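This report refers to the structure that appears directly beneath it.
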Amino acid sequence: MIIDSHVHMFPDKIAKKTLDHLSQIAQSPYHTDGTAAGTVQTFDRWGIQAGIVMHIATKPSQQTTINNWAASLQKEYPGRLFCCGTIHPKAEDALEEIDRIRERGLHGIKLHPDYQDFMVDDPQMFPIYEKIADSGLPVVFHTGWDPLSPNCVHASAKGIKKVAKLFPTLKIVAAHMGGMRRYDESEEELAGIDTVWFDTAMSFLYCQPEQFLRLCRKHGADRILFGSDCPWSRSCDEKEYLLHSGLSDEELEKILWKNASELFSLSL
Ligand SMILES: [Zn+2]
């Protein structure tokens with residue numbers, strides 16, 4: 001069983017346009033057609049059984065529409081696609097939307113500090129973190145470098161650490177091994193904190209194998225999730241990278257699906 005815990009897709013009508021737009025920002029190619037059907041087909045070729053889909057509202061007005069769509073995706077692809085919902089920190093009803101995300105049966109909440117324009121340790125975010133912690137849902141942050149704002153790291157390992165200390169019951173997923181392309185800082189600041197999970201997304205592209213193994217061992221295989229950031233990296237490449245990283249079979253099984261199944265409360 002392999003669960004890709006970091007996947008993106010878009011409604012059919014806007015998938016191509018959105019991928020072209022994001023691809024231009026990231027100066028990076030994409031590897032699916034961006035639709036749900038296309039991604040599931042591609043997963044079949046790549047040997048991926050299920051995906052956890054990350055949705056991001058880039059405007060306050062989008063959050064409810066996106067979460068409704070996320071809930072419909074889960075119904076359409078039972079056992080294949082599970083979704084994290086989205087809230088926009090500047091939406092007036094952001095706190096209420098957290099309740100609605102739970103009621104819709106979504107499995108977590110994704111926040112992207114770069115695309116949603118906030119610093120991860122900004123006190124204005126604290127009521128949101130408190131409410132998510134109370135909901136019991138995990139929160140997934142994009143962490144580290146991002147091509148949208150390459151000169152400003154909105155979620156540094158230090159910032160995430162501060163949030164983890166202030167909200168000890170908040171289950172935090174620090175995507176991209178705790179900081180994309182800023183793995184030294186992640187190793188120093190975040191590795192080993194037991195309310196933080198890492199996903200492995202983009203490690204194939206950016207993380208040196210020795211450092212990847214060191215980070216996994218220091219943080220602990222119990223709190224690492226296999227992820228790709230598909231369509232921006234191919235799940236099959238990220239999977240091969242992980243399989244050849246030097247981790248034991250027992251560690252790999254946790255990372256490939258067991259941890260995700262437990263953290264996101266999946267019924268597989
Ligand atoms: Zn992503």
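All values derive from a computational prediction rather than experimental measurement. Order of appearance sets the numbers: ligands from 1, and atoms from 1 within every ligand.
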Restricting to pairs with a member in residues 38-51, which pass side-chain hydrogen bond (donor to acceptor under 3.5 Å, both in side chains), not counting sequence neighbours?
Asp44-Arg80

Do any side-chain atoms of residues 165-173 form donor-acceptor pairs under 3.5 angstrom with protein atoms, and if so which ones, sequence neighbours left out?
| from | atom 1 | to | atom 2 | distance (Å) |
| --- | --- | --- | --- | --- |
| Lys171 | NZ | Gly136 | O | 2.9 |

Sort by chain and number the protein N/O/S atoms found under 2.8 Å from the Zn ion (ligand 1).
His6 NE2, His8 NE2, Asp229 OD1

Return yes if a side-chain donor-acceptor contact under 3.5 Å exists between Ser233 and Glu238, otherwise no.
yes

Give every residue pair that meets the side-chain hydrogen bond (donor to acceptor under 3.5 Å, both in side chains) criterion with at least one member in residues 188-197, sequence neighbours excluded.
Lys161-Glu189

Would you kindly say whether Ser228 and Asp4 are connected by a side-chain donor-acceptor distance under 3.5 Å?
yes

Rounded to the nearest 0.5 Å, what separation is found between the CD1 atom of Ile87 and the CG atom of Leu111?
5.5 Å

